[in-house]
Every structure is written in C-alpha cells, then in structure tokens.
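All remarks here apply to the structure that follows.
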Amino acid sequence: MKGSPENPKCGFSAQISQILCNLGFKFAYVDVIENPDIRLQLPDFANWPTFPQLWINGNLIGGCDIVTQMHKNGELVPLISNALKSAIPDE
C-alpha cells in the first residue's frame with residue numbers, strides 16, 4: 001500500500017485499510033513509498049500494475065476494485081476467515 005493504515009497516502013490504500021480494519025482483521029502492510037525496490041519489482045512479480053495489492057497466504061487477491069467488490073458481495077470475510085483457519089495448525 002501507499003503509506004500505512006493509520007496514514008494512507010492514496011484513497012485506494014485508505015479504502016482497503018478501512019475495509020479490513022472495520023472487519024476486525026489484523027494485517028501486515030508494506031509502504032511502497034518507503035520501499036522503492038518493492039514498488040518497482042512487485043508489479044512485475046505479481047503481474048498486477050497498481051497499488052495497493054491484497055495478498056493472502058502468498059496469493060494475490062487483487063487491488064482496490066476487486067477487494068471492494070468482494071467485500072460488497074460477502075466474499076471477503078469467508079476468504080480471510082478460511083485463510084486464517086488454514087494458517088493455524090490443528091492441535
């Protein structure tokens with residue numbers, strides 16, 4: 001993302017941060033403004049040209065439009081919840 005969840009540097013980053021925070025999910029972020037190597041290389045690696053990018057368990061979900069649409073359609077919460085369940089080993 002551009003900036004941080006507390007201080008986003010673009011409206012798209014602010015929108016995704018707000019969605020995730022409002023849903024109560026904790027998330028890690030990388031400020032691509034402060035990390036120019038990532039800003040230059042991640043679009044080629046991901047085959048996705050814009051920021052922010054939402055990644056879950058190493059998989060690119062998409063940018064702001066896709067994440068917003070998934071949230072509106074009710075697809076985002078199950079996706080994240082299932083990813084969290086699969087990340088926690090069975091006891």
Spacing of NZ belonging to Lys2 relative to CD belonging to Glu34, to within rounding of 0.5 Å: 13.5 Å
side-chain contact (heavy atoms from CB on, under 4.5 Å) between Met1 and Val30, intermediate numbers included: CA-CA 6 Å; Met1 70 179 291; Val30 174; over 6 Å; no
ILVMFWY network linking Phe12 to Val67, side-chain heavy atoms under 4.5 angstrom: no
Short side-chain to backbone donor-acceptor contact, Asn35 and Asp31, under 3.5 Å: yes
Main-chain N/O of Trp48 paired to Gln53 side chain as donor or acceptor, under 3.5 Å: yes
Gap separating the CD atom of Gln15 from the SG atom of Cys64, nearest 0.5 angstrom: 3.5 Å
Verify same cluster id: Phe45, Leu60 (apolar side-chain graph, 4.5 Å): yes
Ile66 side, atom CD1; His71 side, atom NE2 - distance, nearest 0.5 Å: 15.5 Å
Crowding at CG, Asn47 (>12 non-hydrogen neighbours, <6.0 Å): no
Distance-minimising heavy-atom pair for Cys21 and Phe27: SG-CE2, 3.7 Å
Shortest non-hydrogen contact between Val32 and Phe51, atoms and distance: CG1-CE2, 3.6 Å
Over all atoms of both residues, closest heavy-atom pair of Ile16 and Pro52: CD1-CG, 3.5 Å
Working for side-chain contact (heavy atoms from CB on, under 4.5 Å), residues Leu42 and Trp55: CA-CA 12 Å; Leu42 188 57; Trp55 292 75; 3.9 Å; yes
Leu20 vs Lys26, side-chain contact (heavy atoms from CB on, under 4.5 Å): CA-CA, chis, key distance, verdict: CA-CA 7 Å; Leu20 295 173; Lys26 294 181 181 180; over 6 Å; no
Where Pro36 and Ile33 come nearest, the two heavy atoms and their spacing: CD-O, 4.3 Å
side-chain contact (heavy atoms from CB on, under 4.5 Å) between Leu54 and Ile56, worked out: CA-CA 7 Å; Leu54 178 63; Ile56 297 177; 4.3 Å; yes
Any side-chain donor near an acceptor of the partner, Asp65 and Gln69, under 3.5 Å: no
Lys9 backbone acceptor or donor facing Ser13 side chain under 3.5 Å: no
Distance-minimising heavy-atom pair for Pro43 and Pro49: CB-CA, 4.0 Å
